[in-house]
Protein chains: 2
Amino acid sequence: MSEFNEHKQCGGKNIEKVAQIGAMMPVEEEIYDIAELFKVLGDQTRVKILFSLIRDEMCVCDIAELLEMTQSAISHQLRVLKQARLVKYRREGKTVYYSVSDEHVATILSMGMEHITE
Amino acid sequence: MSEFNEHKQCGGKNIEKVAQIGAMMPVEEEIYDIAELFKVLGDQTRVKILFSLIRDEMCVCDIAELLEMTQSAISHQLRVLKQARLVKYRREGKTVYYSVSDEHVATILSMGMEHITE
DNA sequence: CTTTCATATGAATGGTTGTTCATGTGTTTA
DNA sequence: TAAACACATGAACAACCATTCATATGAAAG
């Protein structure tokens with residue numbers, strides 16, 4: 001029990017436990033992808049954009065007006081969200097309408113909302 | 001002199017829609033907190049730590065050994081996770097054991113895992 | 001008390017990132 | 001055709017961040 005859990009210069013005797021938990025760890029690529037996903041969600045502007053698009057699709061300049069930011073800044077962030085497959089778009093003439101890629105996005109955001117309100 | 005009204009046609013047509021969606025937006029403080037939460041989750045090292053602690057509590061040097069990183073780096077990241085209330089700790093002599101603060105953490109991580117595997 | 005061990009922390013640094021500015025692309029209209 | 005419009009994009013810059021290094025707590029053992 002505890003006599004096999006003693007430390008010796010930081011890391012001598014918990015080899016079993018470390019190996020066991022290490023075996024359950026997702027592979028490096030999955031870790032990378034998950035961190036990248038949350039990194040994309042870790043920005044106020046992008047969170048605001050997603051909360052907007054959850055309600056209804058919107059064109060770029062309407063998002064810019066809503067968030068009181070430049071069209072360029074919004075466009076840059078939409079690119080990041082698009083690359084993370086969090087939003088999709090459709091073209092209608094000069095206008096491009098963005099929307100969340102699926103209902104999964106709303107779920108993740110509401111999980112975040114739940115965590116901060118407790 | 002609104003620099004946000006540069007796009008005349010687009011901004012003019014959708015005033016109602018913009019106002020409507022703006023009214024449904026979470027307040028600034030909630031947006032900030034949600035973005036901060038995801039920012040904490042947006043790092044490979046912290047994701048690995050959380051995936052480890054989901055299985056069982058662990059002391060700092062075991063985490064360092066598992067992830068093949070220095071004790072200092074792990075300690076710094078545990079501080080970030082602790083401030084975000086994602087992990088808790090208990091002291092036992094010289095050793096400090098960390099664990100996830102609640103089962104909510106596993107839910108958020110599995111949501112991320114779901115999104116990247118499609 | 002002194003030493004050793006586990007962990008915490010401050011400072012420095014190299015790398016990353018969000019916004020701005022200027023410009024480019026593609027579409028519609030005059 | 002040319003002009004106007006909606007959006008995209010490259011470069012630059014300041015702000016931020018994760019790790020390293022050195023050092024500081026704090027607890028148990030000698």
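Labels below follow one simple rule: chain letters A, B, ... track the order of the sequence lines, proteins then strands, and each chain is numbered from 1.
The A:Q77 side chain lies nearest to C:dT19 when the options are C:dT7, C:dT19, D:dA8. Relative to the side chain of A:T70, the nucleotides C:dT7, C:dT20, D:dT19 differ in distance, and C:dT20 lies closest. Closest to the side chain of A:K94, out of D:dT19, D:dC5, C:dG10, is D:dC5.
Contacts of A:Y89 with the nucleic acid, taken as non-hydrogen atoms under 4.0 Å apart, are absent.
In this entry the distance linking NZ of B:K39 with C1' of D:dC17 reads 10 Å, nearest Å. The separation between B:E92 atom CD and C:dC5 atom P is 19 Å, rounded to whole Å. Counting to the nearest Å, the P atom of D:dC7 and the CG atom of A:L78 are 10 Å from each other.
Salt-bridge formation is not detected for the pair A:K17/B:E57: no Lys NZ or Arg NE/NH1/NH2 atom is positioned less than 4.0 Å from an Asp or Glu carboxylate oxygen.
A cation-pi arrangement, defined by a distance under 6.0 Å to the six-membered ring centre and an angle within 45 degrees of its axis, is absent between B:K88 and B:Y98.
Using a 30° and 60° split on the angle between ring planes, A:H104 and B:H115 fall in the perpendicular class, above 60°.
Under the stacking definition used here (centres under 5.5 Å, planes under 30°), the residue A:H76 fails to qualify as stacked on the base of C:dT19.
Evaluation of atom-type donor-acceptor distances gives a pair under 3.5 Å for the side chain of B:S72 against the base of D:dC21.
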